[in-house]
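All heavy atoms count here, side chains included; hydrogens, waters and symmetry mates do not. All of these numbers come straight from a predicted model, not from anything done at the bench.
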Amino acid sequence: MENDLYDLYHKLAKHLDNLPGGFPETNSGVEIRILKRLFTPDDAELALSLSLIAEEPHVIAHRAKISVEEAAIRLNNMEKKGLIYGTHYKDSPPKYTALQFIVGIWEFQVNKLTPELVRDVDEYMPYWVNTDVWKKVPQIRSIPIGESVDSNLEIMAYEEAIKLVETQDKITVSPCICRTEQRML
């Protein structure tokens, strides 16, 4: 049983490593500790059936060899845990996709951080940043466009900002994961 769990979390780590953001292996196994803190074995197993293509629960259920009803419940729960991404539109079934660890799963943990998880991620970060994936295709970078940028910035009046906000149907506000993590450290 212990070997099965070990294999399951290693498969999940490899699955995440195959996504564009990567999830490299370490000698210490800290990446496996992180996954065990975030994913139950059932979550890990189902996560292996997701890709970056948004799919309805019945498609994922077929791939995972579980009922559509079970898939729908489990996918919804995993989305609430910040382990996968879901899209929900009024007149269509939800669709779910895999999430990269960074930018993705980690940021969705901002309101669920524990000191143990923060310490593990802090230990892991140097491995993740120094991977070939990050060096070849960094996620957070500036893109030179070869043009000057107008620096005549205007400060929006409060009334204009309120109008902008009021025209939106949905607004998301979240604490900064890096600041929250550093406060915990």
Side-chain angles (χ1 to χ4, degrees), residues 1-55 57 60-61 63-66 70-87 96-141 172-185:
M1 178 69 173
E2 187 63 33
N3 281 343
D4 291 342
L5 285 179
Y6 179 82
D7 290 343
L8 174 62
Y9 286 105
H10 273 77
K11 285 179 188 174
L12 179 57
K14 184 68 177 160
H15 182 68
L16 293 172
D17 194 40
N18 287 329
L19 298 177
F23 193 72
E25 184 177 3
T26 67
N27 291 333
S28 71
V30 67
E31 74 281 8
I32 304 302
R33 286 197 316 266
I34 292 168
L35 294 179
K36 285 181 177 181
R37 292 188 193 287
L38 297 173
F39 290 81
T40 67
D42 286 343
D43 291 341
E45 192 171 331
L46 187 54
L48 293 170
S49 296
L50 279 87
S51 70
L52 292 177
I53 298 170
E55 297 175 312
I60 299 164
R63 192 178 306 123
K65 297 178 176 57
I66 59 176
E70 180 182 351
I73 292 167
R74 288 173 56 189
L75 291 164
N76 185 53
N77 289 337
M78 289 175 68
E79 179 189 10
K80 288 177 182 175
K81 292 178 186 179
L83 303 177
I84 62 174
Y85 187 75
T87 54
Y96 298 94
T97 64
L99 272 177
Q100 301 179 130
F101 184 70
I102 297 173
V103 172
I105 295 169
W106 177 234
E107 288 73 16
F108 280 125
Q109 304 311 307
V110 70
N111 293 319
K112 304 172 191 111
L113 295 177
T114 64
E116 297 80 14
L117 178 59
V118 167
R119 278 194 298 272
D120 284 347
V121 171
D122 190 56
E123 178 184 334
Y124 183 64
M125 216 37 83
Y127 293 95
W128 182 79
V129 172
N130 287 318
T131 65
D132 288 338
V133 170
W134 175 257
K135 291 176 183 173
K136 290 179 187 172
V137 188
Q139 292 186 50
I140 304 169
R141 64 185 191 271
T172 301
V173 177
S174 178
C176 171
I177 187 74
C178 298
R179 288 181 181 165
T180 304
E181 175 189 11
Q182 290 306 307
R183 275 193 293 268
M184 288 187 83
L185 285 173

Please name the pair of heavy atoms, one in [X] and one in [Y], separated by the smallest distance, quoted to 0.1 Å.
{"X": "L19", "Y": "A98", "answer": "CD1-CB, 4.3 Å"}
{"X": "G86", "Y": "Y96", "answer": "CA-CD2, 3.7 Å"}
{"X": "S174", "Y": "V110", "answer": "OG-CG1, 3.5 Å"}
{"X": "Y9", "Y": "P41", "answer": "OH-N, 3.3 Å"}
{"X": "A71", "Y": "A61", "answer": "CB-CB, 3.5 Å"}
{"X": "P20", "Y": "L52", "answer": "CD-CD1, 3.4 Å"}

From [X] [atom1] over to [Y] [atom2], what is the distance, rounded to the nearest 0.5 angstrom?
{"X": "L35", "Y": "L12", "atom1": "CG", "atom2": "CG", "value": "5.0 Å"}
{"X": "T180", "Y": "N111", "atom1": "OG1", "atom2": "CG", "value": "7.5 Å"}
{"X": "L48", "Y": "K14", "atom1": "CG", "atom2": "NZ", "value": "13.0 Å"}
{"X": "D17", "Y": "Q100", "atom1": "CG", "atom2": "CD", "value": "11.0 Å"}
{"X": "I177", "Y": "Q182", "atom1": "CD1", "atom2": "CD", "value": "10.5 Å"}
{"X": "D7", "Y": "L5", "atom1": "CG", "atom2": "CG", "value": "9.0 Å"}

Within the 4.5 Å heavy-atom criterion, are [X] and [Y] side-chain neighbours or not?
{"X": "I105", "Y": "Y85", "answer": "no"}
{"X": "K112", "Y": "L38", "answer": "no"}
{"X": "S49", "Y": "I66", "answer": "no"}
{"X": "F108", "Y": "I84", "answer": "no"}
{"X": "D122", "Y": "E181", "answer": "yes"}

Check this for me: E107, atom CD, are more than 12 non-hydrogen atoms of other residues, nucleotides or ligands nearer than 6.0 Å?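 Counting neighbours around CD of E107, more than 12 heavy atoms of other residues, nucleotides or ligands fall under 6.0 Å, so yes.
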Side chain to side chain donor-acceptor pair (under 3.5 Å): which pairs involve residues 72-81, sequence neighbours left out? D43-K81, E70-R74, E79-H88
Does anything in residues 26-35 form a side chain to side chain donor-acceptor pair (under 3.5 Å)? List the pairs, not counting sequence neighbours. T26-S28, T26-E31, S28-E123, R33-D120, R33-E123
Among L185, I102, I34, which residue satisfies the side chain to side chain contact (heavy atoms under 4.5 Å, CB included) criterion with V121? I34
L46 and its side chain to side chain contact (heavy atoms under 4.5 Å, CB included) partner, picked from I60, L83, T40: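 With L46 as partner, I60, L83, T40 yield a single side chain to side chain contact (heavy atoms under 4.5 Å, CB included), made by I60.
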When you measure from the side chain of E45 to the backbone of L8, do you find a donor-acceptor pair of N or O atoms at a distance under 3.5 Å? no
Check: A44 main-chain N/O paired with H15 side-chain donor or acceptor under 3.5 Å: no
What is the ring orientation for Y124 with F101, classed by angle as parallel under 30°, tilted 30 to 60°, or perpendicular over 60°?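 Answer is perpendicular, since the angle exceeds 60°.
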